[in-house]
Amino acid sequence: MKPYKIIGWLVVIGLIGAICPLDRSVEYDRLVLGLQQPTPWFQIAAREGGGDKELAITGVTGVIVGAALGGFREVAASMLWMKTHEYWHKGEGLQAKALWIMRLVTLLDPHWLEPWRITAWHLAYNLYVETDDPAMRAKYLQMGVDCLKEGVSWNPDRYDLYLELGWTYFDKVEDFEEANKWFRAAMRYPHPDYVDRLVGHAYERMPDIPQALDAYDYCLKRDPHDGTAKGATLTIRERYLRPWHLTEAGDYDAALDAINEYVLAQPRSTLGLHMKGYVAEQAGRLRLAYDTWKLAADTSALDFLAQRKVVELGHQLGIPVEDTAQYLYMQRVGKEMKVTVPGREKLEH
Amino acid sequence: MRPIFRVARATFHEAWRRRFLNGILVFAILIIGSSWVFAYLQPGAELQMVIDIGLGSIRFFGMLIAVFLGTRLIPDEIERRTIHTILAKPVSRAQFVFGKFLGGAGTVAANLLLMGIAFYIVFAIKAPQLQAQKPEDALIFAAMYSNIAKAILLSFFEIFLVLGIAVVASTLFSWVLSVIFTFVIYFVGQMSDFFQQLADPERGASKAAQILLGTIYRILPHFEIFDIREAILQGTYTPWTTILRIIGQGVAYLVVVLLIGYLVFNEREV
């Protein structure tokens with residue numbers, strides 16, 4: 001080999017070596033600035049390789065590989081997203097396939113919020129009603145919630161998925177403490193006004209009446225013409241504040257009398273029944289609590305909290321009851337339903 | 001220097017006469033121009049879609065132009081035997097290779113510039129329609145415009161590197177093989193992060209795999225570093241220091257590639 005060639009190749013090797021420190025500084029910048037592609041290819045590969053072969057769909061792998069190599073991640077995600085709609089609406093057992101692709105889309109473009117939202121909605125709402133088995137329903141609820149939590153982890157600086165998660169807890173699981181937590185998380189980022197009110201609604205249903213009043217007070221200070229917050233404040237002050245204070249003071253009979261005034265006037269008032277059931281539980285009158293929650297559950301087929309309470313109290317009282325999806329969900333996530341008044345321990349000491 | 005510029009100028013003029021390259025350019029501009037039509041495929045993220053398609057098209061079609069142009073630059077001269085006339089003049093092989101590359105780079109740069117202008121026009125028209133602008137969004141939009149300019153600038157250096165690889169590949173292999181070789185290097189380089197992760201012992205990579213994949217990661221150009229679309233989509237400002245570091249890395253790889261091209265072509269029978 002001629003000397004100039006030897007020198008030339010040595011220069012080439014030296015230059016490649018010299019690029020390494022520069023490469024490290026570029027890698028560092030890309031990591032810090034979030035310039036790296038967010039697509040978790042390993043997760044996608046694992047789904048593709050280890051997933052249910054029956055669900056594998058011809059062409060999907062091609063689209064994903066094309067997205068990976070060609071750099072058109074969002075286009076590929078959109079193409080697959082359209083496919084999911086087609087499968088979902090065809091029915092005929094293709095919903096599992098549709099969901100399988102939906103999850104791929106969420107991984108392919110994790111900053112696109114719509115797929116997270118829709119996928120979770122399909123799981124927690126649509127697949128939920130497709131089965132009568134409470135265990136399966138509980139599973140779908142958890143899958144929907146987990147999907148949204150994963151979406152939040154990818155998009156922590158936007159309110160949308162916090163709100164969606166809070167709403168799923170509020171509306172479908174009826175775990176108002178969790179709902180409240182996620183609504184308050186949504187409030188940390190630019191958000192529409194109604195999110196502030198949802199915080200109040202969640203406190204109201206937990207119930208934590210003083211905190212609910214604080215939340216509505218915040219809404220009214222921000223917008224004195226907020227009719228919803230104004231109405232909720234009036235209702236709480238008129239109906240629930242007194243029973244609440246009496247419960248806190250341990251005067252349960254007076255608290256029940258106070259709440260009964262409104263329940264007698266409006267026997268199907270969900271919030272009234274919830275408050276009464278709650279006070280009865282605090283008073284240790286489990287049978288009365290059971291009957292009240294049962295009435296609330298029979299009044300509204302969508303009152304999942306009341307249905308859950310019926311199951312829980314039924315188990316305690318030895319009354320044969322059928323487990324509901326929400327009850328089983330709570331069992332799945334290992335969460336005990338709270339039966340203590342928030343802040344009551346301070347009063348007792 | 002003069003022979004280099006003469007070769008480059010002739011290459012530039014000749015490249016514009018290649019119809020298929022003009023065809024790719026026209027098609028690319030059509031796609032970029034209609035990128036807003038595809039925007040509605042992603043409800044809630046329309047602007048992101050325009051950016052993804054627009055900048056993605058600039059990179060993708062720029063790469064196609066670079067590969068098909070770069071792999072023909074030297075073989076055409078050899079096939080037509082015009083290389084003998086050129087090298088018989090006081091033009092060294094190094095000057096010839098470098099001149100050919102410069103001419104190709106000029107052509108590619110002009111193509112990218114046209115695509116970039118087309119995208120800027122589409123973005124300037126459609127962005128305000130697709131995303132309601134609140135006063136507080138003004139800064140985000142300003143960052144977006146600046147980031148788009150930086151993204152287009154980076155794609156210049158990315159495509160120059162692809163062109164360099166294509167020119168060098170054409171001195172080593174037949175036309176078809178050099179096209180395949182360049183595509184493979186580009187696509188694998190696009191996923192170099194993936195190779196780095198594969199080489200991670202925490203993922204269960206064996207010692208041999210660590211060495212092999214680590215070497216591939218170190219040697220191959222990292223094409224994904226030129227893609228800053230994620231920052232634009234997330235509205236993150238990308239500082240100039242980062243851009244300059246990326247350009248620096250691109251230029252360093254380009255020097256390596258052209259040096260290899262010179263070393264190979266200098267010994268080759270033509």
Side-chain angles (χ1 to χ4, degrees), chain A residues 1-2 4-9 11-30 32-42 45 65-79 81-82 109 111-115 117-118 155 157-158 160 190, chain B residues 38-45 48-49 51-53 55-57 59-60 63 134 136 183 186-188 190-191 193-194 196-198 203 217-219 221-225 227-231 233-234 236-239 241-243 245-246 248-249 252-253 255-257 259-260 262-263 266-267:
Chain A
M1 197 183 267
K2 290 172 189 170
Y4 87 92
K5 274 195 112 177
I6 295 169
I7 294 166
W9 283 111
V11 171
V12 166
I13 294 165
L15 274 172
I16 290 174
I19 290 170
C20 285
L22 189 60
D23 180 45
R24 271 195 287 274
S25 74
V26 169
E27 280 306 307
Y28 177 78
D29 279 4
R30 291 178 71 231
V32 170
L33 294 168
L35 301 179
Q36 283 171 326
Q37 271 198 16
T39 308
W41 295 113
F42 273 104
V65 171
L69 301 181
F72 289 94
R73 226 166 14 95
E74 303 218 347
V75 180
S78 303
M79 284 168 65
W81 191 239
M82 287 192 290
D109 188 3
H111 294 312
W112 185 16
L113 303 180
E114 198 71 4
R117 210 159 33 203
I118 303 285
N155 302 280
D157 49 0
R158 297 175 71 173
D160 309 62
Chain B
F38 301 102
Y40 300 101
L41 291 176
Q42 270 206 4
Q48 279 81 349
M49 191 70 168
I51 294 169
D52 191 52
I53 294 185
L55 291 179
S57 300
R59 289 181 75 216
F60 183 73
M63 181 271 292
K134 288 171 261 167
E136 62 266 29
F183 274 136
Y186 178 76
F187 290 136
V188 173
Q190 183 95 293
M191 296 194 76
D193 274 349
F194 191 67
Q196 193 187 23
Q197 289 170 29
L198 274 178
R203 288 195 185 272
Y217 174 75
R218 286 282 158 231
I219 291 176
H222 304 166
F223 284 108
E224 83 274 12
I225 63 169
D227 185 2
I228 59 163
R229 267 179 297 178
E230 202 48 41
L233 300 178
Q234 297 305 310
T236 316
Y237 176 75
T238 315
T241 45
T242 305
I243 300 295
R245 279 196 196 115
I246 296 171
Q249 195 174 340
Y253 268 116
V255 171
V256 170
V257 166
L259 193 55
I260 293 172
Y262 162 71
L263 290 170
N266 218 28
E267 292 296 307

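Reminder, nothing fancy here: chain letters follow the sequence lines and each chain counts from 1. Just so we're clear, the structure is a prediction, and the values are computed from it rather than from any experiment.
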### Message
Quick check on the interface: out of Ala18(A), Ser25(A), Gly17(A), Pro115(A), who has the most heavy-atom pairs with chain B under 4.5 Å?
### Response
Ser25(A)

### Message
What I'd like to find out is whether the side chain of Asp160(A) reaches to under 4.5 Å of the side chain of Asn155(A), using heavy atoms alone.
### Response
no

### Message
Would you say that Leu55(B) contacts Ile228(B) through its side chain, given a criterion of any heavy-atom pair below 4.5 Å between the two side chains?
### Response
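No, their side chains stay 4.5 Å or more apart.
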
### Query
What part of Arg24(A) is in contact with chain B, defined as an atom under 4.5 angstrom from a non-hydrogen atom: side chain, backbone, both or neither?
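Looking at Arg24(A), just its side chain touches chain B.
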
### Message
Is Leu113(A) in contact with chain B via its backbone, its side chain, both, or neither, using a 4.5 Å heavy-atom distance?
### Response
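Contact with chain B is absent: no heavy atom of Leu113(A) under 4.5 Å.
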
### Query
Are Glu27(A) and Arg30(A) close enough for a salt bridge, meaning some N to O gap below 4.0 Å?
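Yes, this pair counts.
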
### Message
Counting only non-hydrogen atoms closer than 4.5 Å, does Tyr217(B) touch chain A with its backbone (N, CA, C, O), its side chain (CB onward), both, or neither?
### Response
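Looking at Tyr217(B), just its side chain touches chain A.
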
### Message
Does any backbone or side-chain atom of Tyr237(B) lie under 4.5 Å from a heavy atom of chain A? Answer side chain, backbone, both or neither.
### Response
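For Tyr237(B), the backbone is the part near chain A, not the side chain.
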
### Query
OH of Tyr28(A) to OG1 of Thr242(B): how many Å apart, nearest 0.5 Å?
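Separation between the atoms: 10.5 Å.
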
### Query
Do you know which of Val256(B), Leu263(B), Leu259(B) has the most heavy-atom pairs under 4.5 Å to chain A?
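If we count pairs closer than 4.5 Å to chain A, Leu263(B) comes out on top.
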
### Query
Picking from His222(B), Met49(B), Met63(B), which has the most non-hydrogen pairs under 4.5 angstrom with chain A?
Met49(B)

### Task
Write down the atom of Arg218(B), the atom of Ile16(A), and the distance for their closest heavy-atom approach.
O-CG2, 4.1 Å

